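All remarks here apply to the structure that follows.
Values below: all heavy atoms of this structure, side chains included; hydrogens, waters and symmetry mates excluded. Bear in mind that the values here come from a model prediction, so they are computed numbers and not experimental data.
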Amino acid sequence: MVDFDKYINRKNTQALKWDGLKEVFGKEDLLPMWVADMDFTPPMAVLQALEKRVEHGVFGYTIAIDSTYEAIIDWLKHQHGWDVSSECILFSPGVIPSLRMAIQTFTEPGDKVLLQSPVYTPFFHTIERNERIVCNSQLLLKNNRYEIDFADFEEKLKAGVKLFLLSSPHNPAGRVWTRDELSEMASLCRKYGVVIAADEIHADLVAPPYKHVPLATLDNSIADMTLTFMAPSKTFNLAGLQASFMVIPNPDLRKKMAAAQAKDGFSFLNTFGQIAMEAAYTHGKSWLDDAMNYIRGNIEVVKEEVAKNLPELSVIEPEGTYLVWIDCRKMGLPDAELKKRLLEKGKLALNFGDGYGPGGEGFVRMNVACPRDIVKEGMNRLRLALT
């Protein structure tokens, strides 16, 4: 069993979260609770599989074998009740490269791509850097919980949107969309002929009573218009190994994505990424259950500290992910001043909400997939910064 309380020194390991502080924030003396990776070791079975491969000593070209597909298929079946065939699966080095490929494949320069802010920052960058137009249907925050403005959503679709980027579970808000919400979004996209690229990378990081519903499981017609992007990277802390997969039931859409991959020269997954993926999906369930229980405890620490010491703040209850979205707007601080206080006074590196698009102003995102002592220290620094 992993000791999640154990501190592991990640400095000088080329870790973006720890070694990239000066480049990203301009300062090194910060407690990093920002980019979405964990400070935990992955399941022991993953480490053992990687060690065995290293001992072999030859690292030539890699192919996906039946056991890799079977590990993914079994995981989706038992974790999400989703029956998938190996023919529907394509591999990719990451979800963002997959989103970029979908944008390039199913839209043209100048086309509109829909998203829902506040949302994962690379959604904006990937659209804009590929010379497409961001079309935003902003989420509504009601009673401390985000909802979809379906009237606005449909109006945006009417404006000629070609592709919808869905974040499910939603990053940074932590919403786990209900079956009804997903069905309504998908039905509107079907009505206007819009392909859906569903980023479901946080699908496994959902705690009861909430349940992730893969969009493509709603019905066959929705599956036919959906590209689902998943990975073990967030689930098991394997992001640096760069291994993800796409599930594309529609053979025509799948053929187009495979052709785009060939055009980009993509052929194989990283050897270690593939080995880690298979081991994690085959042997990682108990580790994940323990990690989620521990993370839920960390979230409770944040909520308790805010209620006790920072009543002006409001925690948006995360239904999924290990990210806590905190509303600081009642402090009345401009974003620049909020950043200054956190970095200079609190010495705390969080993700700032204005980077998540309209509706993110005045918020911060805190990563609590770390030892509890770090969470407690982070809350002390947050209090110091804002009081």
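- Looking only at side-chain heavy atoms (C-beta outward), Arg10 and Asp39 come within less than 4.5 Å of each other.
- Side-chain N or O atoms of Asn270 include none that pairs as donor or acceptor with a backbone N or O of Pro93 at under 3.5 Å.
- Ser221 and Asp219 share a side-chain donor-acceptor pair at under 3.5 Å.
- In this structure, Ser244 contributes its side chain and Ser92 its backbone to a donor-acceptor pair below 3.5 Å.
- For the side-chain hydrogen bond (donor to acceptor under 3.5 Å, both in side chains) condition, the pairs that include at least one residue of residues 225-239, sequence neighbours left out, are Asp204-Thr235.
- For residues 21-34, the side-chain hydrogen bond (donor to acceptor under 3.5 Å, both in side chains) pairs, not counting sequence neighbours, are Asp29-Lys347.
- Atom CD of Glu131 has 12 or fewer neighbouring heavy atoms from other residues, nucleotides or ligands inside a 6.0 Å radius.
- For the 3.5 Å distance criterion, the side chains of Asp5 and Tyr294 qualify, holding a donor opposite an acceptor.
- With hydrogens and angles disregarded, no donor-acceptor distance shorter than 3.5 Å links the side chain of Arg175 to the backbone of Glu319.
- For Cys189 against Met225, the heavy-atom pair with the smallest separation is CB-CE, 3.5 Å.
- Counting heavy atoms of neighbouring residues, nucleotides and ligands inside a 6.0 Å radius, atom NZ of Lys376 does not exceed 12 of them.
- Not a single donor-acceptor pair under 3.5 Å links the side chain of Asp335 to the backbone N or O of Glu361.
- Not a single donor-acceptor pair under 3.5 Å links the side chain of Trp177 to the backbone N or O of Val213.
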> For Lys17 and Asn367, what are the C-alpha separation, side-chain angles and deciding distance, and is it a side-chain contact (heavy atoms from CB on, under 4.5 Å)?
Replying inline: CA-CA 11 Å; Lys17 185 176 184 179; Asn367 174 358; 3.3 Å; yes
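- With rounding to the nearest 0.5 Å, the separation of CG in Leu386 from CG in Asn309 is 11.5 Å.
- One finds the CG atom of Leu343 at 6.5 Å from the CZ atom of Phe25 (value rounded to the nearest 0.5 Å).
- Heavy atoms from other residues, nucleotides or ligands lying under 6.0 Å from NZ of Lys158 number more than 12.
- Within the structure, side-chain hydrogen bond (donor to acceptor under 3.5 Å, both in side chains) contacts touching residues 109-120 (residues at least two apart or in different chains) are Ser117-Asn136.
- Geometrically, Arg372 does not engage Phe4 in a cation-pi contact, judged by NZ or CZ lying under 6.0 Å from the ring centre and within 45° of the ring axis.
- When atom types are taken as modelled, the side chain of Arg132 and the backbone of Asn130 share a donor-acceptor pair closer than 3.5 angstrom.
- Between Tyr192 and Phe153, the ring centre distance reaches or exceeds 6.0 Å.
- Residue pairs meeting the ring-ring contact (aromatic ring centres under 6.0 Å, His included) criterion with at least one partner in residues 356-387, sequence neighbours excluded, are Trp325-Tyr356, Trp325-Phe363.
- For the pairing with Arg100, the side-chain hydrogen bond (donor to acceptor under 3.5 Å, both in side chains) check across Thr105, Thr126, Asp264 returns one residue only, Asp264.
- Asp83 pairs by the side chain to side chain contact (heavy atoms under 4.5 Å, CB included) definition with Lys77, not counting sequence neighbours.
- Surrounding NZ of Lys211 are more than 12 heavy atoms belonging to other residues, nucleotides or ligands, all under 6.0 Å away.
- With hydrogens and angles disregarded, no donor-acceptor distance shorter than 3.5 Å links the side chain of Glu128 to the backbone of Val134.
- Between Arg254 and Glu87, none of the side-chain N atoms (NZ, or NE/NH1/NH2) sits under 4.0 Å from a carboxylate O, so this pair counts as no salt bridge.
- Applying the ring-ring contact (aromatic ring centres under 6.0 Å, His included) rule to pairs touching residues 42-85 yields Phe59-Phe272, Tyr61-Phe268, Tyr69-Phe91, Trp75-Phe236, Trp75-Tyr281, His80-His212, sequence neighbours excluded.
- Atom CG of Leu323 is separated from atom CD1 of Ile316 by 13.5 Å, given to the nearest 0.5 angstrom.
- For the atom pair OG1 (Thr178) and CD (Glu184), the distance works out to 10.5 Å, reported to the nearest 0.5 Å.
- Heavy atoms of other residues, nucleotides or ligands lying less than 6.0 angstrom from CZ of Arg296 number more than 12.
- The closest donor-acceptor contact from the side chain of Arg53 to the backbone of Val58 lies under 3.5 Å.
- In this structure, Asp199 contributes its side chain and Ser167 its backbone to no donor-acceptor pair below 3.5 Å.
- Few gaps surround CG on Asn9; more than 12 heavy atoms of other groups in view lie less than 6.0 Å from it.
- At distances below 3.5 Å, at least one donor-acceptor pair connects side-chain atoms of Glu200 with backbone N or O atoms of Leu215.
- The existence of a salt bridge linking Glu337 and Lys340 is excluded, since no basic side-chain nitrogen approaches an acidic carboxylate oxygen closer than 4.0 Å.
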